[in-house]
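These numbers were taken from a predicted model, which means no experiment stands behind them. Lettering follows sequence order; numbering is per chain, from 1.
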Protein chains: 2
Amino acid sequence: MTDSTHNPSDYPPFWVTVDLVVFSIINKSLRILLIQRDQTPFLGKWALPGGFVLPHENLEQAARRELAEETSIGKEVGHLEQLGTYGEPDRDPRQRVVTVAYWGIAHDLPEPQGGGDARYAEHVPVAEIASGNIRLAFDHNKILTDAIKRLHHKISYTPLATRFCANEFTISELRSAYDTIWQDTSQFTENQTVAQEPFEKPQLSLAAPQSAPPGKLDFPIHAFKQSDLKLVDQPKELTYTKLDSGNFQRSVLQVVDFLKDTGKKSSPSKSGGRPATLYQRGDLTELNPPIHPKNPKPKK
Amino acid sequence: MTDSTHNPSDYPPFWVTVDLVVFSIINKSLRILLIQRDQTPFLGKWALPGGFVLPHENLEQAARRELAEETSIGKEVGHLEQLGTYGEPDRDPRQRVVTVAYWGIAHDLPEPQGGGDARYAEHVPVAEIASGNIRLAFDHNKILTDAIKRLHHKISYTPLATRFCANEFTISELRSAYDTIWQDTSQFTENQTVAQEPFEKPQLSLAAPQSAPPGKLDFPIHAFKQSDLKLVDQPKELTYTKLDSGNFQRSVLQVVDFLKDTGKKSSPSKSGGRPATLYQRGDLTELNPPIHPKNPKPKK
DNA sequence: AAAATAGTGTCTTTTAGACAATATGCG
DNA sequence: CGCATATTGTCTAAAAGACACTATTTT
């Protein structure tokens, strides 16, 4: 903390910002909240929400405030933690900026509205990031990749996957969250060589730009309407095998304080099926033993 | 990253610093590198090494430079990674400072010299921190506690414990590193209520201040001479059961790329014993399956 | 030989996983 | 009923753990 030979006031000041990676699961795909920049530099580019830390707020307060200001998302964020700090000298062309990245999980999000409110169109599937279709402003691709790895890793030894679910949820819904996350993040942990150079990704890259309105934006904000995204949702990677429902049921119920039985039952969906017990998140903070994805981690 | 309503130049600048938590194992106790401040604020207090980030270096470079400047430790640091960033508005009385904390592991350190070179006396056992005997400057107690938790957690699923060993080491030495770390960090992960208010710790708190030289320093830098520390090294907590040597041997050798056989054998110590095979660190980055401490994590 | 440490064998208990069987809703 | 999903049962394979035994050195 001290420097014995220099006076601190000799040093040019830094700008300190926060950026947020907010995950959610919509339509059985893992998504990330992105905004489109309305300022230079990187005007019109996709970027993580974030902004400057104010003089009298701490870092997490700054993160929550910026998120609310830019995306109107507030209490839907059920978990928020620091990811890391990014401070390469040239990461911002204007001056020296250090950004503290946070990552969080949002739940209870409404589905994308289609043409109506553009805000809802900003939950971008991680598959799009992985494919290299989307280049973010600054070093946000790096931040995003780190956040995805952290998420992938952390849901196995914490109960954080429950944060993707509503307040009351069934074990099937929880299992589906695990499947979705491990499915959509598997390529980020298997080989490190992902999303560096864009390779062909027909569905979205063909459809979206064509319907884009002209203007300064090089990637239309409506590209991720519900209808377009369906195309991306279908073809999943084959590297991940879904969890066994019976074994999953046992393994989560055996962990004390992981789930709390509400006594209530869900009503089965339109397609029928037995009603499932509704649970709430318990007080557990660390999952022991952890839950592991199946194929991505073969034992030897 | 952007703020649509304010001009960034409106904001007062921040100072950005780095701080380091450098672990090592000396004399079978887990230790942390501390310095004594020679500047206000907190003049004479124990603190983590660290200092200001210079305009054209990145954060990790700043961390390594400050460590070398303040402690002469350079390539002995075999691992260095970011821990987190601490930026409460009031954490520095002078002005708004955000510090990026790093943690690392040093090996091949010589034993404390006794009265000779005071530098070597700065490897402070974590037991001293846990006991509450030592109050660090700024929010460094918080940083330290976070680093200890991270270390405890991370050696179970990474090969980082090998970083505490020399280039070539025996399986017993590696096992001893695990035992020492889990022994000395167990209280930080079991109950969260540690090291908040000092409680009585006779040996050091009585002995050290009496032999302190007079002056501005309120805690003598020679308090942790070898002779004093022995008293602290003996009484270990009973909450941790050491690993079984046979089972440990099997489990580490079964993980491919964890250890590389050098073909060499160690010479047994003065007390005799069969010579052990010498290994080097392999290329593995993630330990699967992980190695778990025994008592601290009973399965249910 | 005795002590000390390295390394192997073996047995028991626990856990993980595949997959069958049953339960309970819906149209 | 027949379908769909939830939940429980059962069997098997793999892993973890306790602990005895063998191997190789020093004194």
Side-chain angles (χ1 to χ4, degrees), chain A residues 28 156-157 165 168-179 182 240-256 258-259 261-279 287-300, chain B residues 28 156-157 165 168-180 182 240-256 258-279 287-300:
Chain A
K28 286 200 186 298
S156 75
Y157 65 91
C165 302
E168 298 184 339
F169 54 89
T170 67
I171 291 184
S172 284
E173 288 164 355
L174 179 61
R175 177 167 46 84
S176 169
Y178 275 99
D179 278 334
W182 277 327
Y240 172 73
T241 306
K242 289 187 174 179
L243 297 165
D244 177 273
S245 79
N247 294 335
F248 182 79
Q249 179 110 5
R250 243 191 320 262
S251 63
V252 298
L253 290 181
Q254 130 204 345
V255 180
V256 293
F258 186 11
L259 301 181
D261 191 330
T262 65
K264 292 188 253 180
K265 299 275 179 184
S266 73
S267 30
S269 65
K270 42 283 158 198
S271 51
R274 175 176 169 177
T277 308
L278 283 169
Y279 295 89
L287 206 48
N288 198 331
I291 298 176
H292 277 122
K294 292 221 311 202
N295 279 14
K297 302 280 178 189
K299 272 309 159 62
K300 268 191 305 300
Chain B
K28 286 200 185 298
S156 74
Y157 64 92
C165 303
E168 298 185 338
F169 53 90
T170 67
I171 290 184
S172 284
E173 287 164 355
L174 179 62
R175 176 167 46 85
S176 169
Y178 275 100
D179 279 334
T180 300
W182 278 327
Y240 172 72
T241 306
K242 290 186 173 179
L243 297 165
D244 177 273
S245 80
N247 294 336
F248 182 80
Q249 179 111 5
R250 246 189 318 260
S251 64
V252 299
L253 289 182
Q254 128 205 345
V255 180
V256 295
F258 186 11
L259 301 181
K260 283 190 304 191
D261 192 330
T262 65
K264 293 188 253 181
K265 298 275 180 184
S266 74
S267 30
S269 65
K270 41 281 158 202
S271 51
R274 175 177 171 176
T277 308
L278 283 169
Y279 295 88
L287 205 48
N288 198 330
I291 298 176
H292 276 122
K294 293 221 310 202
N295 278 15
K297 302 280 178 189
K299 271 309 159 61
K300 269 191 304 299

Test your reading of the model: is there a side-chain donor-acceptor pair from [X] to the backbone of [Y], 3.5 Å cut-off?
| X | Y | answer |
| --- | --- | --- |
| B/Asp179 | B/Leu243 | yes |
| A/Thr262 | A/Lys264 | yes |
| A/Ser266 | A/Ala276 | yes |

Do B/Thr170 and B/Ser172 have side-chain N/O donor and acceptor atoms under 3.5 Å apart?
->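 Note: B/Thr170 and B/Ser172 side chains miss the donor-acceptor criterion.
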
Which nucleotide, [options], lies nearest any side-chain atom of [X]?
| X | options | result |
| --- | --- | --- |
| B/Arg274 | C/dA18, D/dC19, D/dA23 | D/dA23 |
| B/Asn247 | C/dG7, C/dA4, D/dG17 | D/dG17 |
| B/Ser245 | C/dG7, D/dA4, D/dT25 | C/dG7 |
| B/Pro275 | D/dT24, D/dT7, C/dA6 | D/dT24 |

Could you tell me whether the side chain of A/Arg250 has a donor or acceptor atom within less than 3.5 Å of a complementary atom in the base of D/dG9?
->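 Under the 3.5 Å cut-off, the side chain and the base do form a donor-acceptor pair.
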
Rounded distance in Å - [atom1] ([X]) to [atom2] ([N]):
| X | N | atom1 | atom2 | value |
| --- | --- | --- | --- | --- |
| A/Gln249 | C/dA18 | CD | C1' | 16 Å |
| A/Asp244 | D/dT12 | CG | P | 17 Å |
| A/Lys242 | C/dC19 | NZ | P | 17 Å |
| A/Asp261 | D/dT7 | CG | C1' | 13 Å |
| A/Leu253 | D/dT7 | CG | C1' | 10 Å |
| A/Asn288 | D/dA16 | CG | C1' | 14 Å |
| B/Glu173 | C/dT5 | CD | P | 13 Å |
| B/Lys270 | D/dT25 | NZ | C1' | 14 Å |

Between A/Ser251 and B/Ala276, who's closer to the 5' end of DNA chain C by nearest nucleotide?
->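 The residue whose closest nucleotide sits nearer the 5' end is B/Ala276.
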
Side-chain N or O of B/Ser172 closer than 4.0 Å to phosphate OP1/OP2 of C/dA6 |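 True: B/Ser172 side-chain N/O within range (under 4.0 Å) of C/dA6 OP1/OP2.
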
Establish, with yes or no, whether the OP1 or OP2 oxygen of C/dG25 is under 4.0 angstrom from a side-chain nitrogen or oxygen of A/Ser267.
->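 No, because none of the side-chain N or O atoms of A/Ser267 sits under 4.0 Å from OP1 or OP2 of C/dG25.
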
Parallel under 30°, tilted from 30 to 60°, perpendicular over 60°: which one fits the rings of B/Tyr178 and B/Phe248?
->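 Rings of B/Tyr178 and B/Phe248: perpendicular, over 60°.
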
Touch check for A/Thr277, heavy atoms < 4.0 angstrom, all strands: base, sugar-phosphate only, or nothing?
->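 If one applies the 4.0 Å heavy-atom cut-off, A/Thr277 turns out to touch the sugar-phosphate alone, with no base involved.
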
Nearest-nucleotide comparison on DNA chain D, the residue closer to the 5′ end among B/Gly272 and A/Ile171 |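 Closest to the 5' end, via its nearest nucleotide, is A/Ile171.
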
